[in-house]
Amino acid sequence: MELAVVIGMLFFMAAIALAIIWVRNLFAVTMLMGIYSLTAAALYVALDAVDVAFTEAAVGAGISTVLMLATLSLTKAEEKPFRSIQHPVSLAVVLVTGGVLIYGTLDMPAYGDPDAPIHQHVAPRYVQDSGQEVGPPNIVTSILASYRGYDTMGEVTVIFTAAAGVLMLIGRGRSGPGRRRKTWDYEDLEGDER
Amino acid sequence: MTLAGHFPYWIVVVLMMVGFYVVISHGNLVKKIIGLNVFQVSVFVFYIAMGKVEGGTAPILTGQPETFSNPVPHVLILTAIVVGVATTALGLALVVRIRAAYGTIEEDEIEDQETEG
């Protein structure tokens, strides 16, 4: 029964993903992306990952969608019909890659198998001892904040770098063309157009 | 047994390939980033699905002996979601900048401008 719910939701996600390929209005595609993320969040609840579910719902479905809408307001909302020559090549590449990946899954332990190697090492110790060693009843919190605290610190570094990059790219009124003429690309473009 | 046991993974592979296809076949830069996001979410689903234990519950201690799903992939993916949004933001900022410089976000039009100049 639980497996049926999971598979049903995965099919739903597949339908949304296929719609993303066909739809050319980028506002509609952005909304579909939000629905895709939200469906994934619901799927995480079915897969027992409640912390991941609310992060995905807030950050993946929320902030990403807002960022994309902001980008669309600064650019164009309609995609050009793409060249049809590229289709067979990319389709072949995708089919081969997908085939290889599916071949790779055949060696994996079955879905939900409690004897899979992933469940034998490290994780049982966290489950048994984190209550005494760290304290919070939520094991994910214990690992995130304590056992794997370095990961979280590295994550903060990544966010800082990304924020600095975004500010350097579009910060301080640079986004309007012609407002600042010192940067090389605007000068090049204007020379070409004359 | 193996057929039923791997079926969820196969659908996830299909989801990944749809995202991959959008990235390599579409020329619109915003659509490419959306394809990248589809791929990314599919990888997250793959990890979380590997952590699932049959009959398990969410890894929160309640005092009773219970079977828990594996919490380690959950932690990895929590980090990955936030990093994914950071990279998406950077990519979208690049798109805005490219639009400011070239007046278009279609790959082939940018290429035409480059060869003309």
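Convention: sequence-line order gives letters A, B, ...; per-chain numbering from 1. Predicted, not measured: the structure shown is a model, and the values here were computed from it.
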Within the structure provided, determine whether B:L61 and A:S130 are in side-chain contact (heavy-atom separation under 4.5 Å). yes
Pick one of side chain, backbone, both or neither for A:P124, based on which atoms fall under 4.5 Å of a heavy atom in chain B. neither
Whatever's closer than 4.5 Å to a heavy atom in chain B on A:V23 counts as backbone
Measure distances from B:V30 to the heavy atoms of chain A and classify the residue's part below 4.5 Å as side chain, backbone, both or neither. side chain
Among A:I63, A:D151, A:T97, A:D51, the residue with the most heavy-atom pairs under 4.5 Å to chain B is A:T97
Heavy-atom distance under 4.5 Å to chain A: side chain of B:I105, backbone, both or neither? side chain
Does any part of the side chain of A:L3, heavy atoms only, come nearer than 4.5 Å to the side chain of B:P8, both counted from C-beta? yes
For A:F160, does the CZ atom sit with more than 12 other heavy atoms under 6.0 Å from it, leaving out its own atoms? no
So which heavy atom on B:L90 is nearest to which on A:A162, and how close? CD1-O, 3.7 Å
Can you tell me which of B:V18, B:V38, B:V82, B:N37 forms the most heavy-atom pairs within a distance under 4.5 Å of chain A? B:V38
Is it the case that more than 12 heavy atoms not belonging to A:Y147 sit under 6.0 Å from its OH atom? yes
Given the options A:I159, A:L43, A:L144, which has more heavy-atom pairs under 4.5 Å with chain B than any of the others? A:L144
Are side-chain heavy atoms of B:F7 and A:L10 found at a separation under 4.5 Å? no
Keeping A:H119 on the side-chain end and B:V53 on the backbone end, is there a donor-acceptor pair under 3.5 Å? no
Just by modelled atom types, is the A:I20 backbone N or O under 3.5 Å from a matching donor or acceptor in the B:K31 side chain? yes
Heavy-atom distances under 4.5 Å only: say whether B:V22 touches chain A with side chain, backbone, both or neither. side chain
Any side-chain to backbone donor/acceptor pair from B:R99 onto A:T75? Under 3.5 Å, distance only. no
Does some side-chain heavy atom of A:R148 sit less than 4.5 Å from a side-chain heavy atom of B:V72? yes
Proximal component of B:I11, with respect to chain A [non-hydrogen, under 4.5 Å]: side chain
Is chain A contacted by the side chain of B:I98, its backbone, both, or neither, given a heavy-atom distance below 4.5 Å? neither
Side-chain contact, heavy-atom cut-off 4.5 Å: A:L106 with B:W10? yes
Counting heavy-atom pairs under 4.5 angstrom with chain B, the leader among A:I118, A:V158, A:T161 is A:I118
The single option from A:I139, A:T141, A:I143, A:V50 passing side chain to side chain contact (heavy atoms under 4.5 Å, CB included) against B:P59: A:I139
Region of B:M16 in contact with chain A, defined by heavy-atom distances below 4.5 Å: side chain
Is a donor from one side chain sitting under 3.5 angstrom from an acceptor on the other, for A:Y36 and B:S42? yes
Is B:T79 close to chain A through its backbone or its side chain, or both, or neither, when contacts mean heavy atoms under 4.5 Å? both
Counting heavy-atom pairs closer than 4.5 Å to chain B, which one of A:M108, A:E2, A:K76, A:M68 comes out on top? A:M108
Which atoms of B:V13 approach chain A - backbone, side chain, both or neither, heavy atom under 4.5 Å: side chain
Checked A:P137, A:A14, A:P114 vs chain B; the most non-hydrogen pairs under 4.5 Å come from A:P137
What part of A:T30 gets closer than 4.5 Å to chain B, counting heavy atoms only: side chain, backbone, both or neither? both
Interchain contact, B:F46 with chain A, by part (heavy-atom threshold 4.5 Å): side chain
Please look at A:M13 and chain B and tell me whether the side chain, the backbone, both or neither of the residue comes under 4.5 angstrom of a heavy atom of that chain. both
Residue B:E66 excluded, over 12 heavy atoms near CD under 6.0 Å: yes
Go through the atoms of A:L72 and report whether side chain, backbone, both or neither lie under 4.5 Å from a heavy atom of chain B. side chain
Quick one: closest heavy-atom pair of A:S37 and B:V41, and the distance? OG-CG2, 4.2 Å
What part of A:A70 gets closer than 4.5 Å to chain B, counting heavy atoms only: side chain, backbone, both or neither? neither
